[in-house]
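In what follows, a structure is listed as structure tokens, so that the remarks can point back to it.
Numbers restart at 1 for each chain; the letters A, B, ... are given by sequence-line order, proteins then strands. Nothing here was measured: the structure is a model prediction, and the numbers come from that model.
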Number of protein chains: 2
Amino acid sequence: MNRVLNMTERKQKILAAVVESYIRTGEPVGSKNLMGELDFSVSSATIRNEMADLAEMGYLEQPHTSAGRVPTTLGYRYYIDKLMNKMELNEADCKSITKTVSSGSGDPEQLLEKAGEVIANLTNCAAITTMPAGDKATVRRAEIVPVSNRTAMIVLLTSAGTLKSKACRSDMPITPQTVERFYNVCASHFVGRPLEEIGTVMLQTLVASLGEHALEMSPFFVALADLANDALSSDVLLEGQSNLFNHRELGGNVIELMEFLRKGDPLAKLIAGGTDDVDIKIGTENKYKQLANSSVIISHYDINGERSGALGIIGPTRLNYAKLIPYMQFVSGLVGKILTETLDEQ
Amino acid sequence: MNRVLNMTERKQKILAAVVESYIRTGEPVGSKNLMGELDFSVSSATIRNEMADLAEMGYLEQPHTSAGRVPTTLGYRYYIDKLMNKMELNEADCKSITKTVSSGSGDPEQLLEKAGEVIANLTNCAAITTMPAGDKATVRRAEIVPVSNRTAMIVLLTSAGTLKSKACRSDMPITPQTVERFYNVCASHFVGRPLEEIGTVMLQTLVASLGEHALEMSPFFVALADLANDALSSDVLLEGQSNLFNHRELGGNVIELMEFLRKGDPLAKLIAGGTDDVDIKIGTENKYKQLANSSVIISHYDINGERSGALGIIGPTRLNYAKLIPYMQFVSGLVGKILTETLDEQ
DNA sequence: TTTAGCACTCGAAATAAAAGAGTGCTAAAG
DNA sequence: CTTTAGCACTCTTTTATTTCGAGTGCTAAA
């Protein structure tokens with residue numbers, strides 16, 4: 001025994017056929033059925049031997065002894081990297097996507113929400129989208145607006161077009177002088193500076209320098225720091241969550257999966273990483289165990305040539321990669337283009 | 001035959017015992033089991049007769065011929081209106097609720113989110129909360145802030161402390177004059193006036209009067225009208241949706257139910273109606289067919305003595321009404337108190 | 001190296017049987 | 001007239017048993 005197994009061309013063809021058949025039907029695929037799907041004629045026994053080899057090599061596995069074969073994570077990976085032929089985009093689909101996505105009023109949040117919806121419907125998966133990153137955003141404007149005697153809204157607008165606000169309560173009455181003082185401090189210390197600089201340390205020294213007004217002003221600066229943090233942590237939108245119910249193979253884990261998706265934080269991390277144009281994580285390739293039965297396709301978008309955010313889908317491992325990857329690229333490209341136009345600085 | 005069936009005291013006791021037992025266990029309750037739960041001794045046969053009567057009267061029903069009895073909508077209703085003894089609030093719970101809910105920074109949205117979470121955890125149901133109604137809110141401030149050459153944020157702050165914003169794109173460059181002009185128009189026409197007045201009709205006449213600037217300004221006013229509408233339609237927050245999975249009796253309908261909850265609109269209507277302090281809708285009493293197997297408990301909160309919003313839970317009909325109703329009242333009372341303090345005008 | 005043939009495995013579906021909980025009715029007792 | 005013991009009957013749930021079929025792995029011949 002202990003022979004060496006090489007990946008031959010025939011094995012590749014068989015692997016591709018298994019993957020594609022499984023993606024299409026969701027049923028483990030057996031040697032007989034596979035005969036009809038190959039562009040060369042061999043007996044089922046031959047295919048069986050090849051499949052046994054592929055299983056030994058780690059590309060296929062059997063749910064149980066007498067069932068057909070199913071691709072492993074490794075099998076999908078090999079298929080995607082070496083075997084898959086990306087499908088062309090359907091002209092009509094492109095048009096309708098473009099129409100839907102660009103129908104908004106120019107509001108980035110609305111745009112990404114729409115894009116998420118489109119993707120979710122198109123792919124029958126859950127879609128996640130991130131708002132344009134605020135990493136390098138600067139403060140464009142910061143002010144307080146009183147809403148009652150002791151409560152004011154703190155408003156922060158960034159150069160990335162993100163606007164965050166928050167009510168804040170003070171122990172002392174809010175006078176027009178308070179408002180003006182806050183405005184002046186912001187204008188001189190924050191406007192035009194990166195959001196990151198509004199940290200608690202910075203604030204402490206600042207508040208200290210305010211002397212007699214320190215007590216009065218400090219809650220507002222604390223709130224402002226909160227807002228800056230908010231604006232920095234890019235928002236994640238989730239659409240079409242319930243599409244996941246349509247995929248039986250996710251089984252009872254759908255609930256855990258949805259619970260996982262509900263928390264925005266890991267999602268943000270999920271979508272953040274990766275340097276490629278399109279990131280694909282299959283099953284156990286995902287760092288989060290809740291995603292062990294899912295695949296994730298993430299496609300980034302650029303604003304003014306700079307990586308700014310991403311769109312992604314989450315579904316069963318059995319995704320139609322050949323079709324969906326080009327779609328994701330198309331939509332993210334579109335989003336990037338629209339946002340570049342919208343937020344263009346000059 | 002055709003005898004008249006009267007509700008006797010014994011029947012009431014039996015009905016209450018059935019309802020309470022079913023709420024506790026989720027199993028149809030049979031005559032023998034019920035014997036142990038009554039404060040008087042009769043044979044199971046007697047109970048059987050009484051239960052048959054209650055079934056004929058419409059308060060109980062059988063899932064199938066040889067199963068125990070389950071309360072009908074009518075049965076629950078009778079129990080809640082006439083038989084139920086509200087449970088006292090647990091001192092420790094109150095404290096921890098108060099602590100959690102009031103731990104925020106004074107932001108109403110954050111407050112209601114926290115309150116929703118608390119309720120969801122406490123009741124193991126989905127919780128809905130509405131932001132304070134903007135019905136009578138007036139415009140406190142409206143302005144545009146440029147974020148790029150042709151894009152600006154429209155910002156609207158209402159007297160109710162709601163702040164809405166939206167990006168808006170113009171076909172012409174946005175100049176400081178544009179900003180000032182917008183500000184002036186808003187100051188003279190909108191500030192201090194009810195939100196409702198910013199309708200499209202009003203806008204049309206206004207834009208017409210702008211003469212040469214009409215084209216330049218109109219997209220902003222349209223966006224402003226959008227924002228006003230947004231601010232008027234009270235936002236609904238949903239928490240603990242996934243708790244619904246824990247209730248097996250909701251069966252396969254959980255998915256439809258969640259899908260229904262995802263759309264905010266019917267939720268808003270659901271929570272809006274009702275004049276009582278606490279509204280309870282049991283199963284088919286709900287107007288929406290998706291809620292036919294669910295119960296809804298809604299408790300309103302007042303700000304400055306005026307009905308302003310509500311907190312609600314959605315769960316199976318088999319809710320522990322005696323315990324949850326007081327809890328809902330407590331939390332909504334608390335929310336009202338905190339918001340009154342926060343938004344107090346004087 | 002490929003292929004036909006065949007025994008074997010294992011899950012899924014179908015069928016049968018048994019168990020159990022609860023009812024409704026009857027007839028006797030209070 | 002009301003209550004209760006007794007009992008046959010109904011219907012779901014559970015468990016056991018069987019059957020079926022798809023698919024494999026192995027062997028031996030081409």
Figure out the [atom1]/[atom2] separation between [X] and [N], and round it to whole Å.
{"X": "B:Met51", "N": "C:dA21", "atom1": "CE", "atom2": "C1'", "value": "12 Å"}
{"X": "B:Leu60", "N": "C:dT23", "atom1": "CG", "atom2": "C1'", "value": "14 Å"}
{"X": "B:Asn6", "N": "D:dT2", "atom1": "CG", "atom2": "P", "value": "12 Å"}
{"X": "B:Lys32", "N": "C:dG20", "atom1": "NZ", "atom2": "C1'", "value": "11 Å"}
{"X": "B:Asp53", "N": "C:dC25", "atom1": "CG", "atom2": "C1'", "value": "14 Å"}
{"X": "B:Phe40", "N": "D:dT4", "atom1": "CZ", "atom2": "P", "value": "10 Å"}
{"X": "A:Met35", "N": "D:dT24", "atom1": "CE", "atom2": "P", "value": "11 Å"}
{"X": "B:Lys11", "N": "D:dT3", "atom1": "NZ", "atom2": "C1'", "value": "13 Å"}

Open item on the list: For the residue pair B:Asp277 / B:Gln329, report whether a side-chain donor-acceptor contact shorter than 3.5 Å exists.
Closed with: yes
Open item on the list: Assess, by modelled atom type and distance only, whether the side chains of B:Ser299 and B:Ser332 contain a donor and an acceptor separated by less than 3.5 Å.
Closed with: yes
- [ ] To the nearest 0.5 angstrom, please state how far the OH atom of B:Tyr22 sits from the CG atom of B:Leu60.
- [x] 11.5 Å
Open item on the list: To the closest 0.5 Å, what do you measure between NZ (A:Lys287) and NZ (A:Lys281)?
Closed with: 7.0 Å
Open item on the list: Please tell me if A:Arg10 has a side-chain N or O lying less than 4.0 Å from either OP1 or OP2 of C:dT2.
Closed with: yes
Open item on the list: With a cut-off of less than 4.0 Å, is there a side-chain N or O of B:Asn49 near OP1 or OP2 of C:dT23?
Closed with: no
So, do [X] and [Y] sit near enough that their side-chain heavy atoms are less than 4.5 Å apart?
{"X": "B:Thr73", "Y": "B:Thr317", "answer": "no"}
{"X": "A:Tyr76", "Y": "A:Tyr321", "answer": "yes"}
{"X": "A:Asn124", "Y": "A:His247", "answer": "yes"}

Could you go through nucleotides 10-13 of chain D and list every protein N or O atom that sits under 3.5 Å from one of its N or O atoms, giving the distance for each pair?
from   : atom 1 : to      : atom 2 : distance (Å)
D:dT10 : O2     : B:Ser66 : OG     : 3.2
D:dC11 : O2     : B:Ser66 : OG     : 3.1

Heavy atoms from C-beta onward define the side chain here; which of [options] lies closest to that of [X]?
{"X": "A:Arg48", "options": "D:dT24, C:dT23, C:dG22", "result": "D:dT24"}
{"X": "B:Ala45", "options": "D:dA5, C:dT2, D:dG25", "result": "D:dA5"}
{"X": "B:Thr46", "options": "D:dT24, C:dT23, D:dT4", "result": "D:dT4"}
{"X": "A:Arg69", "options": "D:dT4, D:dT24, C:dG24", "result": "D:dT24"}

TODO: Measure across B:Leu238 and B:Ala126 and return the closest heavy-atom pair with its distance rounded to 0.1 Å.
DONE: CD1-CB, 4.4 Å
TODO: Search all heavy atoms of A:Ile280 against all heavy atoms of A:Arg77 and return the closest pair with its distance.
DONE: O-NH2, 2.8 Å
Open item on the list: Mind checking if B:Ser31 touches a base, just sugar-phosphate, or nothing, with heavy atoms under 4.0 Å?
Closed with: sugar-phosphate
Task: Secondary structure of DNA chain D in dot-bracket form (Watson-Crick or G-U wobble, distances below 3.5 Å, | marking inter-strand pairs) - done: ||||||||||||||||||||||||||||||
Open item on the list: Would you say that more than 12 heavy atoms from the other residues, nucleotides or ligands in this model lie under 6.0 Å from the CG of A:Asp81, or not?
Closed with: yes
